[in-house]
Amino acid sequence: MWDSGAPPDWDPPLTDIIDCLGWVAHGFCAPHFNRVFSWKWLEHGILAEGEVMIGIDEQTALVSRADHQWQVRGRGAVTLIRNDRQPRRYAAGEVVTL
């Protein structure tokens, strides 16, 4: 839509939030995070106290390791956003502690 000249006040629909299937306590996954509209979740105040938003780019995965850590795999990155709202990006191959 942006490529075709969307109006500046256009509020794109949000994709569904995934609760991380119980794998990450107080976490929720934001798929397709490399798309601009995923940041709209923060504007809508969806991040509650003590929660972490796990933004996973397209063609990317966050894979559980045996040592209770996670590793980013794929073409994109994973972004963690906590209550301080400061995004921390992890590239493919990097290890993430949740």
Side-chain angles (χ1 to χ4, degrees):
M1 186 72 178
W2 285 276
D3 294 337
S4 64
D9 61 341
W10 181 61
D11 193 15
L14 299 176
T15 59
D16 292 333
I17 293 172
I18 301 170
D19 68 1
C20 296
L21 305 173
W23 285 75
V24 179
H26 309 291
F28 63 91
C29 297
H32 308 283
F33 201 70
N34 53 317
R35 299 288 184 155
V36 176
F37 60 77
S38 293
W39 288 89
K40 287 285 189 183
W41 277 313
L42 295 174
E43 292 175 14
H44 288 274
I46 200 155
L47 189 61
E49 185 68 32
E51 288 185 331
V52 58
M53 175 190 274
I54 305 166
I56 302 175
D57 290 352
E58 292 177 325
Q59 299 182 359
T60 308
L62 189 58
V63 179
S64 177
R65 296 176 11 152
D67 60 1
H68 302 289
Q69 292 185 325
W70 301 78
Q71 186 173 29
V72 179
R73 300 233 181 118
R75 293 185 178 189
V78 168
T79 303
L80 299 184
I81 301 176
R82 300 183 190 275
N83 292 114
D84 63 5
R85 297 182 70 152
Q86 296 300 312
R88 291 171 184 84
R89 286 187 60 80
Y90 298 87
E94 289 189 273
V95 174
V96 178
T97 301
L98 296 173

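This structure is a prediction, so every number in the text was calculated from the model and none was measured.
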Fill in: For A92 against G74, the heavy-atom pair lying closest together
CB-O, 3.3 Å
Worksheet, complete the sentence: To the nearest 0.5 Å, atom CG of N34 lies from atom OG1 of T79 at 9.0 Å
Item to complete: Could you grab the distance from atom CD1 of I54 to atom CH2 of W70, nearest 0.5 Å is fine?
Response: 7.5 Å
Discussion item. According to side chain to side chain contact (heavy atoms under 4.5 Å, CB included), who are the partners of Q69, at least two apart in sequence or on a separate chain?
Written reply: R65, D67, V95, T97
Worksheet item: Between Q86 and R88, do the side chains contain an N or O donor and an N or O acceptor separated by less than 3.5 Å?
Response: no
Response to the item:
One should read off an interatomic distance between R89 CZ and I81 CD1, to the nearest 0.5 angstrom, of 9.5 Å
Worksheet item: What residues, two or more places apart in sequence or in another chain, satisfy salt bridge (Lys or Arg N to Asp or Glu O under 4.0 Å) together with R82?
Response: none
Practice prompt. Would you tell me whether E51 and H26 have side-chain atoms, one donor and one acceptor, within less than 3.5 Å of each other?
Written response: no
Worksheet entry | Any V72 side-chain heavy atom under 4.5 Å of I56 side chain | no
Worksheet item: Between CZ of F33 and CE of M53, what distance do you get to the nearest 0.5 Å?
Response: 5.5 Å
Worksheet item: Is there a donor-acceptor pair closer than 3.5 Å between any side-chain N or O of N83 and the backbone N or O of G50?
Response: yes
Practice prompt. Quick one: pull up CZ in R75 and CG in D57 and give me the separation to the nearest 0.5 Å.
Written response: 12.5 Å
